[in-house]
Amino acid sequence: MSLFQLEHASCERDAELLFRAVDIDLGEGEWLLLEGANGIGKSTLLRALVGLYPLNARSMNFAGVDVLGDRGPLLAHTRWLGHALAIKRELSVIENLRYALGIAGRVIESDPHALCALVGLTGYEDSPVRTLSAGQKKRVALLPLIASSAKLWLLDEPFANLDTRGITLVHRLLQTHLTRGGSAVIASHGDAQLAAPSHRLTLVSP
Amino acid sequence: MSLFQLEHASCERDAELLFRAVDIDLGEGEWLLLEGANGIGKSTLLRALVGLYPLNARSMNFAGVDVLGDRGPLLAHTRWLGHALAIKRELSVIENLRYALGIAGRVIESDPHALCALVGLTGYEDSPVRTLSAGQKKRVALLPLIASSAKLWLLDEPFANLDTRGITLVHRLLQTHLTRGGSAVIASHGDAQLAAPSHRLTLVSP
Amino acid sequence: MNPLLRWFHSLGSPPTFYRFATRWIPWTGFAALVLGAIGLYFGLFRAPADYLQGESFRIIYLHVPSAWMSLFIYVLMAIYGAIALIWRIKLCEILMMAAAPIGAMFTAVTLITGMLWGKPTWGTYWEWDARMTSELVLLFLYFGVLGLANAYDDLRQGARAAAVLALVGVVNVPIIHFSVQWWNTLHQGESVQIIGKSTIHASMLWPLLLVAAASKFYFLFALLQRARTLLLEQERGKSWARELALGAR
Amino acid sequence: MSDFSATSSLLFRDLTLAWHRRSDVLQPLAFAVLVVLLFAITLGGDRARLSAMAAPIIWVTVLLANFLSFDQFFREDAADGTLDQWLSSAVHMSALCFGKALAHWLVYGLSLLLATPVLAMLLSLDVSLLPVLLVSIAMGTFGATQIGLVASALTARLRRGGILLALIVLPLFLPLLIFGSGAVDAVQAGLSARSALLLLAAQTTLLTTLAPLAAAASLRIGSDQPP
Amino acid sequence: MSDFSATSSLLFRDLTLAWHRRSDVLQPLAFAVLVVLLFAITLGGDRARLSAMAAPIIWVTVLLANFLSFDQFFREDAADGTLDQWLSSAVHMSALCFGKALAHWLVYGLSLLLATPVLAMLLSLDVSLLPVLLVSIAMGTFGATQIGLVASALTARLRRGGILLALIVLPLFLPLLIFGSGAVDAVQAGLSARSALLLLAAQTTLLTTLAPLAAAASLRIGSDQPP
Ligand code: HEM
Ligand SMILES: Nc1ncnc2c1ncn2[C@@H]1O[C@H](COP(=O)(O)OP(=O)(O)OP(=O)(O)O)[C@@H](O)[C@H]1O
Ligand SMILES: Nc1ncnc2c1ncn2[C@@H]1O[C@H](COP(=O)(O)OP(=O)(O)OP(=O)(O)O)[C@@H](O)[C@H]1O
Ligand SMILES: [Mg+2]
Ligand SMILES: [Mg+2]
């Protein structure tokens with residue numbers, strides 16, 4: 001069954017079309033690789049999907065419900081990760097995770113240390129994020145994602161700053177997510193060769 | 001002739017050694033690829049080379065001059081690019097370039113529009129950097145580098161956020177720099193396969 | 001090299017200073033105790049009561065020496081700071097950091113004794129008078145130096161930052177000293193003159209000078225003790241410090 | 001119920017962050033002490049004059065210090081992407097806004113309230129005026145925080161919010177100031193502070209109910225500009 | 001020569017940035033007007049009393065507004081990596097620091113100076129006192145900017161600089177305040193302001209020569225913490 005459907009979507013910046021009308025049809029267990037040159041509008045499209053940017057589209061459905069007008073049903077089951085990592089420098093890794101989930105009205109169900117181990121942050125659980133390296137920070141930003149039960153992941157360059165093991169790791173997390181019936185849209189630049197996407201969408205300027 | 005030499009260098013964080021003693025010997029026209037897992041200390045090493053972090057080393061020479069005690073002679077011919085891009089959101093691309101050079105006591109010698117074209121920013125010369133995409137911002141940060149006449153480039157993940165054309169472009173810029181007798185140390189995660197480095201240094205924890 | 005300079009230089013090495021401090025700490029403490037006891041005895045019990053202020057004037061024997069020390073220590077701290085910044089002598093960083101809390105203490109004593117003295121003489125504990133205000137500000141300066149030093153994770157970095165502040169803050173010292181002349185205020189002007197004639201009776205003066213000398217020795221005593229501790233803390237990785245710690249056990 | 005846990009989670013997060021930044025967080029407080037101190041020094045000669053003006057000076061200073069703290073309301077959450085994260089998830093924004101205002105008051109308002117006796121002492125305020133001053137300041141800062149919540153939400157995404165914030169906040173502060181320092185004046189003049197305090201309480205209540213809703217609606221404005 | 005061009009380049013950069021952020025930049029100014037306005041309102045009844053206190057109030061307000069602007073000195077350059085970029089290149093830091101202070105004064109100090117007549121009017125200051133007030137404020141803000149330069153440089157890298165900045169700046173402001181408002185007092189009392197102004201000038205000159213050096217030395221401290 002199709003989980004997320006988008007028809008004939010486009011975004012404008014300063015009254016100019018960013019990319020040609022795109023269509024997305026994503027089933028459960030499928031993921032889409034979103035490609036395109038720097039500045040083509042990948043980040044903008046992802047932001048538009050979650051309602052942070054105006055989107056023109058013929059239709060947009062999530063689990064059979066129309067979400068073009070009201071994003072509510074989509075947002076309840078979606079997690080988006082943008083270029084800004086939304087983590088607090090002063091808080092420790094686990095505190096960041098706990099509060100990110102808590103503010104979304106949830107608690108950590110699995111063991112936080114196990115989650116940290118999953119993203120390769122063993123030994124840094126209680127370090128303030130400020131003292132982590134660039135790649136380690138990225139891993140912290142991934143934590144709320146895997147601790148949440150979101151059906152749809154929208155990830156903006158999740159591989160940037162990660163080392164090769166980190167990239168493999170994200171692919172493994174993605175596989176787990178997909179086998180549980182989740183879906184994902186991932187914007188990336190060619191680091192995604194490790195696993196074949198179910199769909200590929202290359203944005204081009206109109 | 002050897003341009004930059006470093007013997008038995010190491011850095012400490014909180015009284016613990018980050019990586020094993022490293023040696024670098026870089027001739028003119030050569031570049032070194034600095035690899036290693038996330039959090040191993042690549043960024044720290046680069047910061048230590050330019051004097052932003054304490055470095056223990058047996059010796060450090062630049063163009064035959066000892067620069068371990070006083071970094072002056074090194075800094076006069078070096079440009080370092082860290083994770084933070086050192087660009088101002090409100091200023092336009094060209095203003096950012098002009099002031100970055102100006103504050104270093106230099107003026108733009110080549111045509112700034114040609115420089116922008118070189119990094120693929122044609123059409124964005126006068127846009128405030130705030131309105132650029134992640135990859136475009138990275139390109140802006142590369143501008144002062146190629147406009148300077150620095151002999152030694154120290155680049156921390158210059159490929160992150162760049163699209164495939166951008167990565168090729170950086171490799172082309174690097175080639176030009178090397179054929180002019182320059183050298184470079186580049187920290188990166190496996191995006192550097194496009195060109196073979198003269199040297200390869202993989203940091204490992206002690 | 002000039003022998004004095006050579007001596008100073010050799011003193012700059014941590015183990016030498018450690019030994020020097022250990023040798024002099026008892027003597028300075030002893031001198032402070034003896035001089036202080038004599039001075040305070042004669043000041044508090046033997047000197048005649050003031051014809052205007054009565055017995056309350058005796059607080060002068062605490063107030064004035066600590067007021068002098070609060071200014072003196074600040075200047076000294078700035079000098080240490082300057083040396084630490086210019087010649088990067090580690091010992092001076094330590095001496096500076098060691099002097100700061102002692103100076104803050106003397107400043108606090110000055111303020112408290114001044115307030116206690118103010119009640120009987122001016123009828124109020126506190127008045128926004130020039131000298132009181134500027135002495136309060138001196139206390140803030142000390143706090144700033146201490147706070148800045150502690151804000152850095154690294155001991156030496158903190159000391160260097162504090163040294164810059166100590167140096168910049170020196171402008172306040174003459175202001176405090178001359179404030180009684182520049183502003184028309186409650187606080188009285190100078191009555192003790194090193195050159196020229198003091199306007200205070202000799203039987204009141206000499207105990208005061210004794211207490212002042214005692215406060216200097218007390219300062220030396222506390223300074224050496226604090227510096228010694230700081231030095232050990234900073235050099236704990238070095239072999240001489242380890243040997244010393246082992247020897248002590 | 002999940003709204004309540006989300007709000008309390010945010011509350012704890014903000015308090016934890018404030019604890020980590022305690023030195024920065026105390027700046028408005030330091031500022032208030034500083035203003036009063038400098039005024040005491042410059043006007044210090046005449047004690048009676050100083051104590052007559054003490055209450056209005058304290059009220060103004062506290063409101064100004066509170067105003068300075070508004071900069072912190074959403075700036076960081078907007079800059080590091082947290083705000084976008086909230087807007088792109090199914091959280092109840094007005095519940096979060098209420099939590100943010102509460103945390104903000106507990107950090108800034110309460111510290112100003114606790115400092116008020118010190119300020120009063122520095123300006124030699126008549127001790128008998130202290131109770132009414134404290135009550136009025138407690139309510140006043142709470143209301144002021146709500147005003148700050150809305151104003152900061154309106155300007156959170158703006159590149160140039162600075163002076164706008166002042167323009168929005170200031171006129172809204174005036175009623176609080178009038179009734180707040182009015183209450184103290186009344187006691188000073190030997191009258192009852194009751195009606196002034198009641199009016200102040202009414203204002204604060206009204207603000208507390210409406211401000212989170214208004215702030216939640218405002219935060220979505222301008223989300224097309226990524227941080 | 002290259003130092004001079006670097007300094008002027010930084011000066012222009014900072015002025016351009018200030019222009020882009022003009023609304024934020026005006027906040028200290030707005031603050032000053034606000035403080036004075038609120039004082040005028042609360043003390044308004046008694047005009048003679050107000051005008052007698054006008055000069056010290058203005059001096060304190062201007063220094064406080066200046067203090068608020070110090071937050072902007074190095075925070076952004078430290079956060080976006082520009083400061084590290086300077087330290088890792090062969091630029092002459094004290095020349096840059098001088099440029100930064102100059103730019104800061106041209107933006108904040110000058111605007112406060114220009115606002116001074118308005119403040120004086122609001123507090124019905126005696127017009128004959130305006131010249132000496134303006135001269136003293138001009139020198140005072142310049143000196144204050146130098147103090148802010150050093151204090152900001154000392155706290156630029158600190159995670160928790162907030163209250164420290166206040167603690168550092170306040171004692172150093174005091175001499176400026178004493179001689180600055182002393183000069184106005186002297187004229188008000190019918191005396192000559194000459195000696196107070198000379199002392200103020202001496203201080204400002206001393207600060208201007210030493211502050212860039214002190215700031216340059218301070219900026220390197222703590223560079224082991226990346227932004
Ligand atoms: C909190 C209140 C006070 C403070 C902060 C204070 C501060 C000071 C300071 C800093 C000095 C040293 C000045 C210098 O050597 O340059 C000093 C000296 C002195 N103070 Fe006070 N004082 C206070 C109250 C008083 C009171 C109430 C009296 C007596 C009526 C008093 C009498 C003296 C005298 C006699 C000297 C010695 C003056 C000289 O010979 O230079 N002080 N005080
Ligand atoms: N705040 C903004 N205001 C105006 N234009 C903007 C803004 N942000 C981005 N743009 C423009 O919108 C276009 C799309 O940007 P977007 O960030 O979506 O690109 P992207 O595909 O994600 O690029 P990258 O691979 O570099 O991340 C770019 O040309 C950019 O210049
Ligand atoms: N400010 C800091 N305080 C304390 N520790 C830090 C700080 N910054 C980094 N570290 C620690 O130092 C180590 C090296 O960090 P560094 O940023 O040099 O790694 P890196 O090799 O560049 O990693 P990446 O590939 O993720 O960029 C990490 O383990 C990190 O936790
Ligand atoms: Mg993008
Ligand atoms: Mg790194």
Side-chain angles (χ1 to χ4, degrees), chain A residues 11-14 18 43-44 46-55 67 70-92 94-108 128-130 137 140-141 144-145 148 150 152-154 156, chain D residues 1-25 72 74-100 102-103 107 156-157 212 216-217 219-227:
Chain A
C11 292
E12 285 176 10
R13 278 262 182 216
D14 308 327
L18 273 181
S43 304
T44 307
L46 291 181
R47 289 177 71 89
L49 292 184
V50 292
L52 292 172
Y53 197 83
L55 178 78
V67 289
D70 171 23
R71 292 286 198 288
L74 173 71
L75 296 186
H77 299 281
T78 300
R79 243 195 122 89
W80 158 79
L81 177 69
H83 282 300
L85 297 182
I87 50 182
K88 294 284 168 196
R89 293 162 54 80
E90 283 93 352
L91 299 182
S92 75
I94 288 193
E95 282 174 328
N96 262 295
L97 170 62
R98 177 155 4 99
Y99 290 124
L101 289 181
I103 291 171
R106 303 165 43 70
V107 288
I108 313 181
V129 164
R130 161 180 64 77
K137 282 186 188 124
V140 178
L145 186 74
S148 80
L152 181 63
W153 289 1
L154 304 174
D156 201 350
Chain D
M1 209 52 220
S2 137
D3 277 355
F4 174 73
S5 81
T7 306
S8 71
S9 192
L10 178 65
L11 181 68
F12 281 113
R13 191 204 68 162
D14 276 9
L15 293 180
T16 314
L17 281 173
W19 173 249
H20 283 296
R21 296 176 196 146
R22 51 195 174 277
S23 157
D24 284 345
V25 158
Q72 304 302 320
F74 288 108
R75 196 182 56 188
E76 233 199 56
D77 285 326
D80 67 14
T82 306
L83 190 54
D84 284 346
Q85 204 54 252
W86 294 343
L87 291 174
S88 73
S89 62
V91 298
H92 197 194
M93 279 312 279
S94 53
L96 285 192
C97 285
F98 178 75
K100 266 212 101 69
L102 197 57
V107 173
R157 308 286 194 141
L219 281 174
R220 209 163 264 286
I221 301 169
S223 71
D224 57 335
Q225 296 287 336

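Each chain gets a letter, A, B and so on, in the order its sequence line appears, and its residues count up from 1. Only a predicted model underlies this, so the values are computations on that prediction, with no experimental measurement involved.
The two residues D:S223 and A:G51 come nearest to each other via the heavy atoms OG-O, 4.3 Å. The heavy-atom pair separating D:R13 from A:I103 by the smallest distance is CD-CD1, 4.0 Å. Closest heavy-atom contact between A:A84 and D:G81: CB-CA, 3.9 Å. Among all heavy-atom pairs drawn from A:A76 and D:A90, the shortest one is CA-CB, 3.7 Å.
When heavy atoms are compared at a cutoff of 4.5 Å, A:R13 approaches chain D solely by way of its side chain, counted from C-beta outward. For A:P54, the part lying under 4.5 angstrom from a heavy atom of chain D is the side chain only. Both the backbone and the side chain of D:L87 come within contact range of chain A, with heavy atoms under 4.5 Å apart. With a threshold of 4.5 angstrom between heavy atoms, A:I87 approaches chain D through N, CA, C or O but not through any side-chain atom. With a 4.5 angstrom heavy-atom cutoff, A:R79 touches chain D only via side-chain atoms.
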### Query
Should A:R47 and D:D84 be marked as a salt bridge (Lys or Arg N to Asp or Glu O under 4.0 Å) after you check the CA-CA gap, both sets of side-chain angles, and the distance that decides it?
CA-CA 9 Å; A:R47 289 177 71 89; D:D84 284 346; 3.0 Å; yes
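At a threshold of 4.5 Å between non-hydrogen side-chain atoms, the residues D:H20 and A:E95 count as touching. Proximity of A:K88 to D:D77: side-chain heavy atoms (C-beta onward) are separated by under 4.5 Å at one or more points.
For A:P73, the side-chain contact (heavy atoms from CB on, under 4.5 Å) test picks out A:V65, A:V67, A:D70, with sequence neighbours left out. A:V50 is linked by a side-chain contact (heavy atoms from CB on, under 4.5 Å) to A:L52, A:L75, A:T78, A:W80, A:L154, D:S88, counting only residues two or more places apart in sequence or in another chain.
Interface summary for chain A: among D:L17, D:V91, D:L83, the most heavy-atom pairs under 4.5 angstrom belong to D:L17.
Summarising the local packing, CZ of D:F74 is surrounded by more than 12 heavy atoms from other residues, nucleotides or ligands at distances under 6.0 Å.
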